[in-house]
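The next block holds one structure in the form of structure tokens; read it before the comments.
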Amino acid sequence: MRVLVTGGAGFLGTHLCTRLLDMGHEVICIDNFFTGSKRNIVPLLDNPLFEFIRHDVTFPLYIEVDEIYNLACPASPIHYQHDPVQTTKTSVHGAINMLGLAKRTGAKIMQASTSEVYGDPAVHPQTEDYWGNVNPIGFRSCYDEGKRCAETLFFDYRRQHDMPIKVARIFNTYGPYMHANDGRVVSNFIVQALKGVPITIYGEGQQTRSFCYVDDLIEGFVRLMDTPHEVTGPINLGNPGEFTIRQLAETVIEMTDSKSELVFEPLPEDDPMQRQPDITRAKQQLGWEPTVPLAQGLERTIAYFRGVLEG
Ligand code: NAD
Ligand code: UDP
């Protein structure tokens, strides 16, 4: 199978390309290196089944493929808010271009959507039939609404052309190959703890998130792609274990044996107060659930960042 991974040099993309190569597929990775890194894919370049193309998904792409995983889009709030217009373009034009490619080639296509489609959710835990509580004009909207529009496009292509689409709603995922200065909470806290500098908690740290270890998520991706035509999603992929941000900070300090203090900074606008996936659908339709508890996943991620900071 010839598989295209957009955003393949990013955090999740790197893990996905590696997994697909291990499964014996030919992998074409495209990325514009906005948040991804050449370093991530260097270990893959020697593999004759791996090919990299520098390309921006907001422009059309003409290649032949059997499957497409559409991951291209900055995921960290500081990165997606850096150039919000480009973020919306990446989600919307990117989806149109990749769906067009899928239509021409007959490829199956999976969209990396997000729990952000639920916004600051009034339903807890979040089920896929919840329509969300999203501010259309705020700082996070370029990402949230871009991803929502991409979902709309996926389902309209399905209705108009009966295409094999799959939509995964990903909840906060962490692990090795995250950027040290990516700005997301797990990488921030681990790097701060290892450096012994203050741990930056936004707000009072009472907001919650559910953290999924990357290997579990990638297993969910592969299983979703492998489902029959009737299965389209949207399907929540995440770990239902829910923690406050303060709990996460304290756990990281303890696990790294760090002397870092906690400092409290203003809560960013529209920062969701709670987030936890209901994964009943993933269990039923994919036979999938996470297997790596937070402490174990953090241990592996801490070991990775120790290596990065020492190297
Ligand atoms: P990431 O920022 O590490 O990776 C995104 C990749 O997309 C980067 O390599 C970046 O350079 C590339 N990219 C950005 N704009 C592009 C463009 N216009 N053309 C080509 N490439 C482009 O983020 P990630 O955590 O690996 O996220 C991957 C996908 O999963 C994203 O679509 C993100 O929205 C989604 N997602 C991730 C999480 C998470 O917790 N990691 C949660 C929800 C959704
Ligand atoms: N956060 C924090 N300190 C940091 C980075 C993030 O307290 O240094 C908080 C952030 O305000 C949010 C949560 O951690 O409530 C998760 O943030 P992240 O950027 O990882 O992802 P989000 O789920 O908000 O998209």
Side-chain angles (χ1 to χ4, degrees), residues 7-19 21-22 29 31-46 52 71 73-82 170-203 205 207 209-218 238-239 241 243-266 268 271 290 292-311:
F11 161 50
L12 297 180
T14 303
H15 285 273
L16 180 60
C17 289
T18 307
R19 171 72 191 266
L21 289 168
D22 288 347
C29 164
D31 206 294
N32 69 350
F33 292 128
F34 176 55
T35 50
S37 155
K38 264 188 196 164
R39 268 207 190 97
N40 284 348
I41 54 166
V42 163
L44 308 181
L45 292 173
D46 286 340
F52 176 76
L71 272 59
C73 185
S76 165
I78 51 166
H79 288 132
Y80 70 64
Q81 289 169 23
H82 170 74
I170 307 163
F171 284 65
N172 298 61
T173 300
Y174 68 97
Y177 292 109
M178 288 181 101
H179 265 281
N181 57 358
D182 172 279
R184 281 181 274 188
V185 69
V186 175
S187 43
N188 267 14
F189 285 2
I190 293 177
V191 170
Q192 289 163 343
L194 291 176
K195 287 183 171 168
V197 301
I199 307 262
T200 52
I201 293 189
Y202 302 158
Q207 69 273 38
R209 292 293 186 273
S210 302
F211 299 103
C212 184
Y213 187 66
V214 61
D215 290 356
D216 281 332
L217 183 82
I218 300 299
N239 190 321
F243 300 86
T244 66
I245 294 305
R246 190 176 175 128
Q247 278 175 325
L248 176 72
E250 284 163 353
T251 308
V252 168
I253 289 179
E254 196 183 309
M255 290 182 70
T256 51
D257 204 15
S258 172
K259 302 272 178 294
S260 291
E261 293 167 10
L262 302 183
V263 294
F264 294 85
E265 296 187 356
D271 198 292
V292 182
L294 184 63
Q296 201 179 321
L298 284 178
E299 204 173 287
R300 295 180 200 171
T301 312
I302 291 166
Y304 168 78
F305 278 115
R306 268 193 215 284
V308 168
L309 295 178
E310 281 162 15

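Atom set for the values below is all heavy atoms of this structure, side chains included, hydrogens, waters and symmetry mates excluded.
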request  = Check for a donor-acceptor pair, side chain of S260 on one end and backbone N or O of V197 on the other, with a separation under 3.5 Å.
outcome  = yes
request  = Might you confirm whether atom CD of E254 has over 12 heavy atoms from other residues, nucleotides or ligands at distances under 6.0 Å?
outcome  = no
key: Inter-residue atom distance C17.SG - I41.CD1, 0.5 Å rounding   = 7.5 Å
Euclidean distance, D271 CG relative to Q207 CD, rounded to 0.5 Å = 5.5 Å
query = To the nearest 0.5 Å, how far apart are CG in D22 and CZ in R19?
reply = 8.0 Å
task = For the residue pair P74 and F34, establish whether any side-chain heavy-atom pair is separated by less than 4.5 Å.
result = yes
Non-hydrogen side-chain atoms of F11 and V214 separated by less than 4.5 Å = yes
ask   = Between L294 and F211, which heavy-atom pair has the shortest distance, and what is it?
value = CD1-CB, 3.9 Å
ask   = Side-chain contact, heavy-atom cut-off 4.5 Å: L298 with L248?
value = yes
key: Where L262 and A249 come nearest, the two heavy atoms and their spacing   = CD2-CB, 3.8 Å
message = Would the distance check show the side chain of N172 and the main-chain N or O of R209 forming a donor-acceptor pair, the cut-off being under 3.5 Å?
response = no
query = So how far is it from I302 CD1 to L309 CG, rounded to the nearest 0.5 Å?
reply = 11.5 Å
task = Can you measure from CD1 (I253) to CD (E261) and round to the nearest 0.5 angstrom?
result = 9.0 Å
ask   = Would L217 and H15 satisfy side chain to side chain contact (heavy atoms under 4.5 Å, CB included), going step by step from the backbone distance to the final call?
value = CA-CA 10 Å; L217 183 82; H15 285 273; over 6 Å; no
ask   = Which heavy atom in G205 sits nearest to a heavy atom in T244, and how many Å separate them?
value = O-CB, 3.3 Å
query = Step by step, would you call V252 with V186 a side chain to side chain contact (heavy atoms under 4.5 Å, CB included)?
reply = CA-CA 9 Å; V252 168; V186 175; over 6 Å; no
note = Closest heavy-atom pair, F189 versus I201, reported as atoms and distance to 0.1 Å, is CZ-CG1, 4.1 Å
ask   = What is the ring orientation for Y177 with Y304, classed by angle as parallel under 30°, tilted 30 to 60°, or perpendicular over 60°?
value = tilted
message = Would I170 and L12 count as a side chain to side chain contact (heavy atoms under 4.5 Å, CB included) here? Give the steps.
response = CA-CA 11 Å; I170 307 163; L12 297 180; 4.3 Å; yes
query = Would the number of heavy atoms belonging to other residues, nucleotides or ligands and lying under 6.0 Å from CD of Q247 be above 12?
reply = yes
query = Does atom CZ of F305 have more than 12 heavy-atom neighbours, drawn from other residues, nucleotides or ligands, at distances under 6.0 Å?
reply = yes
request  = Looking only at non-hydrogen atoms, find the nearest pair between A9 and D31 and report the distance.
outcome  = N-OD2, 2.9 Å
ask   = Can you name the closest pair of heavy atoms from S210 and N239 and give their distance?
value = CB-O, 2.9 Å
message = Any side-chain to backbone donor/acceptor pair from S37 onto T35? Under 3.5 Å, distance only.
response = no
ask   = Counting heavy atoms not belonging to D257, are there more than 12 under 6.0 Å from its CG?
value = no
query = Once you round to the nearest 0.5 Å, how far does OG of S258 lie from CD1 of I190?
reply = 11.5 Å
request  = Evaluate the criterion side chain to side chain contact (heavy atoms under 4.5 Å, CB included) for residue pair R246 and F264; output intermediate values, then yes/no.
outcome  = CA-CA 10 Å; R246 190 176 175 128; F264 294 85; 3.4 Å; yes
